[in-house]
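Note sheet for the following structure.
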Amino acid sequence: MDVEDFLADLNKSQRDAVTYTDGASLVVAGAGSGKTRVLTYKIAYLLLQGISPHAILSLTFTNKAAREMKLRIAAVVGDAVAKRLWMGTFHSIFSRILRSEAECIGYPSSFTIYDSADSKSLLKSIMKEMQLDDKTYRLNMVQSRISNAKNALVTSGSYQSNKDLIAGDISSKVPLIHEIYTRYQNRCKQAGAMDFDDLLLQTNILFRDHPAVLEKYRGHFQYILVDEYQDTNSAQHMIIQRLSEIHQRICVVGDDAQSIYSFRGANIDNILKFKQIYNNCQVFKLEQNYRSTQTIVNAANSLIDKNTEQIPKTVFSENAVGEKIKVTASYSDYEEGYAVASGILELQENKSYDFSHFAILYRTNAQSRILEEALRKRNIPYRIYGGLSFYQRKEIKDVLAYFRMIANPHDEEALKRIINYPTRGIGDTTMKKVFTAAMEYQVSPWNVISDPQAYNLAVNNGTQNKLRVFSALIESFRDLASNLNINDLATLVVKQSGLSALLYQDRSVEGISRQENLQELLKGISEFCDIKREEGEEETYVGDFLAEISLMSDQDTNTDENRDQVTMMTVHAAKGLEFKNVFVVGLEEELFPSSMNKDNYKAIEEERRLFYVAITRAEEHCFLTYAENRYLHGKSNFCTPSRFLKDIDPSYLQMAEGRGRSFASERNTYNSPLKQPHQAYSQTIVSTENKTNVTTERLKSIPTNTLNSVSIDFAKGLTSGTRIRHDRFGDGKVLTLECSQSDKNDIKVKVLFNHFGEKQLLLKYAKFTILE
DNA sequence: GGCCGGGGCATTTTT
DNA sequence: TGCCCCGGCC
């Protein structure tokens with residue numbers, strides 16, 4: 001492929017950022033400025049320069065981002081090459097490395113990954129064992145202190161000797177955090193488990209304590225790229241720094257103005273101070289916004305300008321000027337919902353938008369209920385994002401817990417979940433004894449259960465027998481697991497554990513839904529095996545499956561995106577997305593900014609960035625609404641308009657007629673609700689004048705290079721050029737067929753799919769039909 | 001072991 | 001207001 005042609009799709013600064021590959025670089029990418037585009041092109045560019053895909057490490061924050069990027073790169077360089085890239089989330093890439101180096105740091109390579117619920121449950125047990133008052137030691141607080149420590153690379157050992165932390169805990173009246181942390185860490189290790197934070201912390205420990213291992217990966221990863229750098233925490237930053245220290249070929253991309261995850265340990269200084277850490281660092285600024293109207297971009301700029309700590313940049317748009325941002329006051333949260341619903345319907349009718357062109361963004365999930373009600377009353381289809389993800393549902397976690405016990409029986413949290421589910425007469429009393437014995441002998445509860453006598457477990461013969469039956473069940477699964485693929489194993493486990501019988505005797509609505517979820521899981525497992533098989537892996541075992549899904553979130557499982565629905569989500573969840581029309585609701589003091597952050601200047605700046613993220617999601621229309629009264633925790637509260645509304649240059653705003661007060665001068669002076677005429681609903685938000693045609697530049701599809709490998713034109717009626725429809729990848733065209741020399745039935749088909757780029761499929765497993 | 005009711009509580013959550 | 005957790009009771 002011609003490199004010049006390929007670069008012609010980029011603007012000057014994007015091109016400069018892509019082609020600079022000699023040393024460290026920071027790409028400051030304003031909202032909507034083609035950040036992902038630069039990353040994908042840069043990787044493709046490196047590959048076209050002849051760099052091995054193997055030598056490129058590229059890190060993202062979500063699986064979805066990694067997958068999409070891989071797909072786009074595959075469209076340029078082909079699936080086979082893209083597949084060999086080290087591309088994924090920090091957590092998935094480093095869990096992979098940790099698995100292969102696990103024994104250096106004393107973990108089994110089949111270690112379990114504890115999700116946040118597992119780690120909560122373990123902490124709860126520990127605090128109970130320590131007889132701590134759970135009102136003083138609040139679970140969420142304890143968990144976040146430990147998590148913050150890990151993200152700041154403070155191990156349990158260094159926590160204990162850190163005077164500031166200890167003093168801080170004493171003054172917060174929780175002096176025993178260090179003790180909880182130490183016990184927690186020991187228990188995780190005993191269970192052969194790492195929590196999400198461990199994946200980063202242990203990687204650092206591995207690299208710190210094993211120079212040879214570090215050298216190996218340093219040599220391996222010749223180029224390192226990191227997306228969303230503003231959201232990295234210290235642990236991630238340190239891993240990157242260690243790996244890139246020698247060659248300095250690191251490129252980080254991000255936008256300091258969109259750093260909104262400090263509460264999860266993200267450290268905005270990582271991006272602000274990047275230049276100081278890497279001398280000779282080149283800075284590229286992507287300042288042209290291709291997403292939004294000029295008005296939206298300018299309004300967002302005027303807002304973020306009020307923050308003090310930021311990298312100077314001038315984001316601009318050459319799109320249409322667009323309409324002003326409409327600000328609407330409503331009497332109550334209820335009417336705010338009504339106003340939003342009316343706004344959607346009106347705009348939709350006037351400009352023939354689909355429902356899927358709208359998003360409603362809010363600060364807290366609790367706000368969704370009332371909005372949902374308003375939309376439902378007006379028959380507006382919607383989809384709420386957030387809430388329990390598929391893998392967090394009880395019935396799913398139960399099945400997965402059996403798998404976890406099979407892969408790693410020392411997994412204490414999995415054991416707790418299933419030992420008496422379905423009921424086997426092993427109750428709390430027995431388990432308490434088991435845990436006490438486990439602690440006394442410094443072994444895992446599984447060790448105790450599988451050999452009670454060795455650990456002097458004081459239980460009667462009946463109980464001993466029950467334990468024996470349970471451990472025999474798990475052992476029998478474990479015996480099978482090494483020769484049985486996960487698909488067959490899953491069917492067997494669900495049946496023999498008694499789970500399916502239990503689930504299927506419940507005929508209630510919820511029960512039926514649980515059964516459906518179980519079926520969904522089994523279907524998912526079967527598809528997972530199919531995918532692996534098509535990619536050339538004959539069998540997938542329980543460990544492979546767990547390794548993959550324990551780092552998946554609901555973001556990855558969202559299917560049926562094609563429905564025409566209004567999107568409702570928190571502002572946090574909307575990061576990285578874009579919509580033609582955006583409603584940002586609940587712009588009130590105490591809510592946005594959140595009351596928890598109002599006294600802290602840094603926190604207020606983060607809330608302001610959050611608002612910036614919200615506004616910049618909009619391509620064509622942006623609406624801001626607030627209510628004067630809102631139900632919160634069961635009682636009605638008077639609300640003051642958000643201070644952030646005053647931060648936006650008023651020339652980009654339009655107050656909804658009739659009720660558009662100047663909140664700038666009237667804070668706290670609006671009429672009391674009693675004096676307010678109880679008019680039914682607020683003014684509708686949309687004005688029909690100023691129809692502007694906003695043209696948003698769409699990313700051009702990446703051109704595909706041609707292939708020239710030898711084709712063997714037979715097998716199932718396929719020849720190169722045949723159009724097929726694949727069950728999952730949709731329509732595509734066969735490029736080549738290739739027959740393995742050892743096995744004539746082993747035919748690989750390269751197909752160029754319209755939406756998924758180039759894929760290599762194994763003919764005997766691929767599910768497709770021939771078109772024409 | 002499962003069900004019911006009272007009390008306390010309440011952001012945001014890429015992994 | 002509504003959810004979750006715990007403790008008490010059957």
Base, sugar-phosphate, or nothing: which does Phe263(A) touch, judged by heavy atoms less than 4.0 Å apart?
base
Relative to its sugar, using the 90° cut-off around 0, the base of dT11(B) is syn
**Asked** Does any N or O donor sit under 3.5 Å from an N or O acceptor when you compare the side chain of Arg264(A) with the base of dT14(B)?
**Response** no
Of the listed dT12(B), dG1(B), dT15(B), the closest approach to the Thr62(A) side chain comes from dT15(B)
| message | So Tyr261(A), base contact, sugar-phosphate only, or nothing? Heavy-atom distance under 4.0 Å. | response | base
Quiz prompt | Euclidean distance for P, dC4(C) against dT13(B) (whole angstrom) | solution = 16 Å
Q. Has Asn63(A) got a side-chain N or O lying under 4.0 Å from the OP1 or OP2 atom of dT15(B)?
A. yes
Quick note, Thr423(A) side chain, CB onward, closest among dC6(C), dT11(B), dG2(B) is dG2(B)
Would you classify Lys598(A) as touching base, sugar-phosphate or nothing, given that sugar-phosphate means primed atoms plus P, OP1 and OP2, and contacts are heavy atoms under 4.0 Å?
nothing
Exercise for review: Classify the nucleic acid contact of Arg369(A) as base, sugar-phosphate or nothing, counting any heavy atom under 4.0 Å across all strands shown.
Suggested key: sugar-phosphate
request  = Indicate, with a heavy-atom threshold strictly under 4.0 Å, whether Glu228(A) touches base, sugar-phosphate, or nothing.
outcome  = nothing
Picking from dG8(B), dT14(B), dC5(C), the nucleotide nearest the side-chain atoms of Lys135(A) would be dG8(B)
Original post:
If we ignore angles and hydrogens, is there a donor and acceptor under 3.5 Å between the side chains of Ser156(A) and Gln185(A)?
Top reply: no
- prompt: Contact class for Asn365(A) vs. all strands (heavy atom < 4.0 Å): base, sugar-phosphate, or nothing?
  reply: sugar-phosphate
Worksheet item: Reckon Ser594(A) touches a base, only the sugar-phosphate, or nothing at all at heavy-atom distances under 4.0 Å?
Response: base
Quick note, Arg138(A) side chain, CB onward, closest among dT13(B), dA10(B), dT15(B) is dA10(B)
Sugar-phosphate, base or nothing in reach of Asp197(A), heavy atoms under 4.0 Å
nothing
